[in-house]
2 protein chains.
Amino acid sequence: MVKTSIKDIARAAGISHSTVSRALNDSPLVNAETKARVRRLAQEMGYSPDAAARSLVSGRTRTVGVVVTTVADPFVAVVVEGIERTAYAHGYSLILAASHNEPQREIAAVEMLRSKRVDSVIVTSSRVGALHQERLGSAGVPVILLNSHSQQQMPNAYSVRVDDVHGGRLATEYLLGLGHQRIAHVAGLEGHSDSNDRLDGYLSALAGAGIDYDPDCVVNGTGRLDGGPEVLRSLLALRERPTAVFCYNDMTAIGLLSAARNAGVAVPRDLAIVGFDDIPLAAHVAPALTTIAQPMFELGERAMSMALVLMGHQGIAPCDVTDVILQGQLIVREST
Amino acid sequence: MVKTSIKDIARAAGISHSTVSRALNDSPLVNAETKARVRRLAQEMGYSPDAAARSLVSGRTRTVGVVVTTVADPFVAVVVEGIERTAYAHGYSLILAASHNEPQREIAAVEMLRSKRVDSVIVTSSRVGALHQERLGSAGVPVILLNSHSQQQMPNAYSVRVDDVHGGRLATEYLLGLGHQRIAHVAGLEGHSDSNDRLDGYLSALAGAGIDYDPDCVVNGTGRLDGGPEVLRSLLALRERPTAVFCYNDMTAIGLLSAARNAGVAVPRDLAIVGFDDIPLAAHVAPALTTIAQPMFELGERAMSMALVLMGHQGIAPCDVTDVILQGQLIVREST
DNA sequence: TTGTAAGCGTTATCAT
DNA sequence: ATGATAACGCTTACAA
């Protein structure tokens, strides 16, 4: 048994391959017993339909492409879980590609997906979203940006995201409410709109409280666990030491937490820390992390649902759903 | 610009589609300027080769299927990262499917991958690995099991795994060395060979120390964060309370850690806890988790490399690489 | 109800 | 160096 095609089955059954095709696709135009015989044969011969051949004629692959920065990030992992569950429920498969935060790889990934003729593409934390929407959107393949947005508002710009400005403001205002006057911010990687927006929220909260913005208080992070020690060093090196810090995401915050513990900086007494995401483990570090919760799973679900709609899967009009914005929520724990 | 095929380019250039194909594939049998003209046109017309059509004739897709339990598990996420990096480096794409620990879905996932004609399949924590190896292996598609093994040793059984028995023994012997006499074990989900093997290691260490095995000391876990409270309850309900516990994985251990903290059970004083995996966040919980480190990234890398070899990518003989077994390593932190 | 034939977008084998 | 033509495995008119 190497590989069986409908022609092989046709030969074995002594009928034409079109009848086999019809039988396998449950067409009403086939004699009931012929259908049964064909199906039994298909089973016995280990037949598996060739998706490539099928999509060559149908023009659809029942596959969506998912571009992430890396799966080894808990936030991304849960988002992908949300996408996967929804996709599976509707008979779609996922091709996964990682950009590793490099625009070049992101572009290459989307090109690969285009070549594989995926029916839709979901890109998380894109740095060049508008480009994809131009290349694919105009070719009829919906592109959904997840937690990023084009600078220029395009006609075919679909996105699902959390309100990052609001989240950043929420976090900062909470720290201000606690009485902190000197609040630092650890940004994410440059070029990401979510990081920029969270920074904007931070700045807006500061401005709202009538606090002068000190550029030194904003330090660059990596969005990863390992940046902690360096971030801590930067913060401690400031002329006037901040009493609180709002981090781009939970991984950054947890890395900082760890570095603080090793350096004997007590959290929250010496330094209050707020994260962003509420990844599953945020509640389990010590001290448990105060953070802005993103509905990660739902973000994935919504993005995939939007893709389904755009591929014509429900009766909903496409124009209803161009830009879904969800709100984050402050979760107070022990790190503040 | 909807979709451009080589025929469209041929028409625009006034040549045959076979010449276009040759030009695009950099065949030496094409006039240099024709080649240049074709390529410019392809660029301008936004041409993207149809992977389905190509693989229909070539018989290969340059795609591997990856079946995981769920991506929303840090161990799995890092493994997939390892697979992805290696795959990308060799021009392969990944189709991702989740089994959610249900044998039925695992089988459906593999069937989908078979239909998509992936060149190879990697299945993590399989519950029915032998089945896939029979269905796909005999059809010429290599199947690599990652951290699971068939009960019966088959001819085409490829696997990459950590030595779970050894790891389980290591963890338990370490606790014994600390003086613990009553050590519990929280198992993973039933039907997984890795969980069974870790249990075997635990039992073997106990036996080696001349300690009678008390079946009540082995409780069932879920492998997830959320099982903590119930596991703790089970442990506290035991007639003679254990002073230490070895958990199937870090997520189980961290869930337990959390539950212990909430219940006022001091770790490690009242209860010492050892995990398994060494997920990135294991060092950042409190107390930091003692665990058996698996080379997660390398596991993924090795599995993908093995797939490459089996697909004929290097000069290595296939027989050299049927079963890679890596050793885990004890990492002592604060939870013991 | 079934069979024949065309076509999806490629690559590959022939000729020319 | 280039062009016809067949083939990959399937779906789908169109015939019978």
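In this text the structure is predicted, and so the values were computed from the model without any measurement. Every chain is numbered from 1, with letters handed out A, B, ... down the list of sequences.
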Trainee: Between the side chains of A:Ser125 and A:Asn147, is a donor N or O closer than 3.5 angstrom to an acceptor N or O?
Mentor: no
Trainee: Test side chain to side chain contact (heavy atoms under 4.5 Å, CB included) on B:Arg40 and B:Arg37; report intermediate values, then the result.
Mentor: CA-CA 5 Å; B:Arg40 189 163 36 73; B:Arg37 193 156 48 95; 3.8 Å; yes
Trainee: Output all residues satisfying salt bridge (Lys or Arg N to Asp or Glu O under 4.0 Å) with B:Arg117, sequence neighbours left out; order by chain, then residue number.
Mentor: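 B:Arg117 satisfies salt bridge (Lys or Arg N to Asp or Glu O under 4.0 Å) with A:Asp50 once adjacent residues are dropped.
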Trainee: For C:dT2, take OP1 and OP2 only and decide whether either is under 4.0 Å from a side-chain N or O of A:Thr19.
Mentor: no
Trainee: Walk me through whether B:Arg302 and B:Leu326 qualify under side chain to side chain contact (heavy atoms under 4.5 Å, CB included).
Mentor: CA-CA 10 Å; B:Arg302 293 287 198 109; B:Leu326 305 177; 4.0 Å; yes
Trainee: Nearest whole angstrom, please: distance from the C1' of C:dC14 to the CG of B:Leu29.
Mentor: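 Whole-Å distance recorded here is 13 Å.
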Trainee: With no hydrogens and no angle check, is any side-chain donor or acceptor of B:Ser21 less than 3.5 Å from a backbone partner on B:His17?
Mentor: no
Trainee: Is any side-chain heavy atom of A:His132 less than 4.5 Å from a side-chain heavy atom of A:Glu106?
Mentor: yes
Trainee: Counting primed atoms plus P, OP1 and OP2 as sugar-phosphate and everything else as base, spell out the protein contacts along nucleotides 6-16 of chain D at 4.0 Å heavy-atom distance: B, S or - for each nucleotide, 5' to 3'.
Mentor: --BBBBBB---
Trainee: Any side-chain N or O of B:Ser55 below 4.0 angstrom from OP1/OP2 of C:dT10?
Mentor: no
Trainee: For the residue pair B:Val30 and B:Thr19, establish whether any side-chain heavy-atom pair is separated by less than 4.5 Å.
Mentor: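 B:Val30 reaches B:Thr19 side chain to side chain.
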Trainee: Could you tell me, to 10°, how much the axis swings from one end of the helix from C:dT1-D:dA16 to C:dT16-D:dA1 to the other, five pairs per end?
Mentor: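 Axis-to-axis angle, ends of the helix: 50°.
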Trainee: Would you kindly give the CG-to-C1' distance between B:Leu24 and D:dT2, to the nearest whole Å?
Mentor: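 From B:Leu24 CG to D:dT2 C1': 16 Å.
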Trainee: Flag the pair B:Ser120 / B:Ile144 as yes when at least one side-chain heavy-atom distance between them is below 4.5 Å, and no otherwise.
Mentor: yes
Trainee: Within this structure, what is the CG-to-P distance between B:Asp8 and C:dC8, rounded to whole angstrom?
Mentor: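 Going from CG in B:Asp8 over to P in C:dC8 covers 10 Å.
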